Amino acid sequence: MTHVKVLVRRGMHLGAAGQGQVRPDSAAQKFSAQQGKLMAQAAQSGKSMRIGEAGLLVVLSALALFSIFVASKAWTPVYAFHAWLFALGSIAAVVGIFKRYGARDAAWPVQEIDGRPNYNYGPIKFSAVIALFWGIAGFLVGLYIALELAFPALNFDLPWISFGRLRPLHTSAVIFAFGGNVLISTSMYVMQRTSRARLAGDLAPWFVVLGYNFFILIAGTGYLLGVTRAHEYAEPEWYAILWLVVVWVTYLLVYLFTLAKRTEPHIYVANWFYLAFIVTIAVLVLGNNTEIPISIFSPKSVIVWSGVQDAMVQWWYGHNAVGFFLTAGFLGIMYYFVPKRAERPVYSYRLSIVHFWALIFLYIWAGPHHLHYTALPDWAQTLGMTFSIMLWMPSWGGMINGLMTLSGAWDKLRTDPVLRMLVVSVAFYGMSTFEGPLMSVKAVNALSHYTDWGIGHVHSGSLGWVGFVSFGALYCLIPWVFNRKGLYSLKLVDWHFWLGTIGIVFYISAMWVAGIMQGLMWRAYTPQGFLEYSFVETTEAMHPMYVIRALGGGMFLLGALIMAFNIYKTIASPEASAVPTGRPALAPAE
């Protein structure tokens, strides 16, 4: 196979045609009259309702009526609240479709303008910006629960802000709200650019981004109000998951139909990783949420798995949510944005294909390493450990491929903090994918399991790898889709980079020390055979590390706030410069 070079195109970034915006009418009672006027104007102009618009109107109207019916008979107030949210969301979507119908052109958006693809950037802009909002919200909640662990009085004896409710809110906000929106926005951008084709569908891309964020709203409010399945990374109840499945299948169809109408004959490797992420997450969610609702009027359900089978399916899901959501999807980002920013081809395209297939095959078997020394059969535990160790090879192959892409461009790390952030994320990917297989070895796991070492490992990957590669991608993406010359300030990106890096080092170092200390204290015995330390003594000894963790998390949050200000100024300043004031660009070898 010949090496396929990344196209370094700096062409026109065209927005979606026919996507005019109309100010929303604040008076709901005028809706019918206004829609009648719009329909009359449309009839005069020869404009007709498209099948997708009419179909969505029917489905959403039916969903609104059904949700109102469920809300009236709901068994719990929280479930009634969510049913009303579904009803209001459906009504708002119906209003939005009518507004858009009245404002759009009669003709379909053209696929090309002057021989260039007419890319659809509207949904990408929304999901990229909302990702920043969810990220800051998730980081803030994470900082608060870190402070709660160091200073328990901060829960104020309120159930809504207790650690048990805020912790899943934090993980879901950071992983699924922030990370998910970054993946949706970058995947829609990369698919269009590498296929040279407009995003498939008219309303479907908008349904994906808005529907996904509505799922986040339902899940997050459910956590705060005590609605949970109590499964790691899979807390939303059946009705939220059912909505997510509809949105996710639409996402897959949009991606496949865009791929089918591509004008580039080759499917670039980043799209392979994105497709693996989309397909596998659909399978994982369906498998781990195979459950029977008690009633359509109840938020509770009964899962078909039980006992050790439930544990096995949960960690088949849980570890592969890490493998395909937090790894494969973000590797798609790496394979596009690192070469694009460095203006270099991928170091080895053949290695990227080997990386893909090896990772996809091996990752799916590694889940049992989360269940060492449990009721899971020993052969299954050993299988998970073996495949986890084998994952070293493809993971480090991908890391080497990403780092070596900078061959001949290493000097850019001094002048481009965005590229520096992307490259450091790849280094964190290599580190966390070394540490994970190490912790899966039974002898090491006997010390590390149930301790804060696991928390340090997770955050070295989520903050260092996922966080930094997401920040770097958004720093690249947002100026492109908003048609800006560059970021408002690279100096602010520098501040973000160093605050984030130092914060991560504080965080993971504190958790490594705390975790190893926990493991050693828990296994210490007196000469008489009694435990040497009580649980209270172990918890007290970890207090300094918890304070350091909160400090590191606060620095990471501060960096994200600086990024939000930088992005706001970039979008609001059409003449944003790529070179910050007061800092001349360095020449190579200067």
Side-chain angles (χ1 to χ4, degrees), residues 1-11 13 111-112 115-121 123-124 127 182-201 204-205 208 248-283 323-325 327-364 394-395 397-398 401-402 404-405 422 426 469 473 476-477 480-481:
M1 179 183 295
T2 60
H3 291 258
V4 177
K5 294 189 175 183
V6 174
L7 300 176
V8 186
R9 293 173 177 149
R10 296 186 178 274
H13 294 284
Q111 298 297 306
E112 291 186 352
R116 294 177 180 271
N118 178 26
Y119 299 122
N120 184 359
Y121 288 159
I124 299 172
S127 53
V182 170
L183 288 172
I184 289 173
S185 60
T186 56
S187 65
M188 288 183 174
Y189 180 84
V190 171
M191 169 54 78
Q192 292 185 91
R193 300 293 295 191
T194 58
S195 299
R196 289 187 57 80
R198 181 181 173 85
L199 206 60
V208 171
W248 207 257
V249 170
T250 307
Y251 182 24
L252 175 61
L253 292 175
V254 169
Y255 215 83
L256 290 176
F257 277 102
T258 305
L259 186 67
K261 67 175 187 175
R262 70 188 187 278
T263 58
E264 290 283 348
H266 183 81
I267 301 176
Y268 183 59
V269 68
N271 295 312
W272 293 39
F273 282 96
Y274 281 127
L275 277 172
F277 138 69
I278 297 170
V279 172
T280 310
I281 291 300
V283 174
F324 288 87
F325 198 99
T327 302
F330 290 93
L331 284 170
I333 294 177
M334 182 197 79
Y335 272 117
Y336 182 85
F337 286 90
V338 171
K340 181 76 172 177
R341 191 75 184 186
E343 298 182 315
R344 292 291 187 275
V346 173
Y347 173 69
S348 171
Y349 200 78
R350 180 175 286 113
L351 178 58
S352 70
I353 301 301
V354 174
H355 174 208
F356 172 81
W357 286 112
L359 192 81
I360 296 309
F361 176 73
L362 295 177
Y363 231 118
I364 205 77
S395 298
N401 211 6
M404 292 303 292
T405 297
L422 288 168
V426 178
V469 80
C476 294
L477 180 68
W480 294 344
V481 297

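Just so it is clear, the model here is predicted, and its values are computed rather than measured.
Residues Val338 and Ile333 form no side-chain contact, since every pair of their non-hydrogen atoms from C-beta on lies 4.5 Å or further apart. Side chains of Leu183 and Phe325 form a contact here, defined as non-hydrogen atoms less than 4.5 Å apart. For the pair Leu199/Gln192, a side-chain contact is recorded, criterion being any heavy-atom separation below 4.5 Å from C-beta on. Within the 4.5 Å cutoff, the side chain of Phe356 has no heavy atoms near those of the Leu351 side chain. Between Leu275 and Leu256, the closest side-chain pair of non-hydrogen atoms falls below 4.5 Å. Counting heavy atoms from C-beta on, the side chains of Ile364 and Phe324 come closer than 4.5 Å. Using a 4.5 Å heavy-atom cutoff, the side chains of Leu362 and Pro394 are in contact.
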- Between Met188 and Thr258, is a side chain to side chain contact (heavy atoms under 4.5 Å, CB included) present by the stated rule, with each step listed? CA-CA 9 Å; Met188 288 183 174; Thr258 305; over 6 Å; no

- Give the intermediate values and the outcome of side chain to side chain contact (heavy atoms under 4.5 Å, CB included) for residues Trp272 and Tyr335. CA-CA 10 Å; Trp272 293 39; Tyr335 272 117; over 6 Å; no

- Task: Starting from the C-alpha separation in whole Å, work towards a yes-or-no answer on side chain to side chain contact (heavy atoms under 4.5 Å, CB included) for Arg341 and Leu422.
- Result: CA-CA 9 Å; Arg341 191 75 184 186; Leu422 288 168; 4.1 Å; yes

- Task: Could you walk me through whether Lys261 and Gln111 pass side chain to side chain contact (heavy atoms under 4.5 Å, CB included), step by step?
- Result: CA-CA 11 Å; Lys261 67 175 187 175; Gln111 298 297 306; 3.0 Å; yes

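Across every non-hydrogen atom of Cys476 and Phe337, the tightest pair is CB-CD2, 3.8 Å. Nearest heavy atoms, Ser185 versus Leu477: OG-CD2, 3.9 Å. When every heavy atom of Ser352 is checked against every heavy atom of Asn401, the shortest pair comes out as N-ND2, 3.4 Å. Counting all heavy atoms, side chain and backbone alike, Ala204 lies closest to Val254 at CB-CG2, 3.7 Å. Closest approach of Ala276 and Ile360 over heavy atoms only: CB-CD1, 3.7 Å.
For Trp248 and Phe277, the ring centers sit closer than 6.0 Å to each other. Taking the ring centroids of Tyr119 and Tyr189, they lie at or beyond the 6.0 Å cut-off. If you look at Phe273 and His355, their ring centroids are closer than 6.0 Å.
Between the side chain of Arg262 and the backbone N or O of Leu259, at least one donor-acceptor pair lies under 3.5 Å. Formation of a donor-acceptor pair under 3.5 Å by the Thr405 side chain with backbone atoms of Tyr347 is found in this model. Side-chain atoms of Ser187 come within 3.5 Å of backbone N or O of Ile184 as a donor-acceptor pair. In terms of modelled atom types and a separation under 3.5 Å, the side chain of Arg344 and the main chain of Pro339 share no donor-acceptor contact.
A donor-acceptor pair shorter than 3.5 Å cannot be found between the side chains of Asn271 and Tyr336. Side chains of Tyr274 and Thr186: a donor on one and an acceptor on the other come within 3.5 Å.
Classification of the Tyr251-Tyr255 ring pair by plane angle, with boundaries at 30° and 60°, yields perpendicular.
Of the inter-residue distances, the one linking Leu252 atom CG with Ile281 atom CD1 reads 12.5 Å to the nearest 0.5 angstrom.
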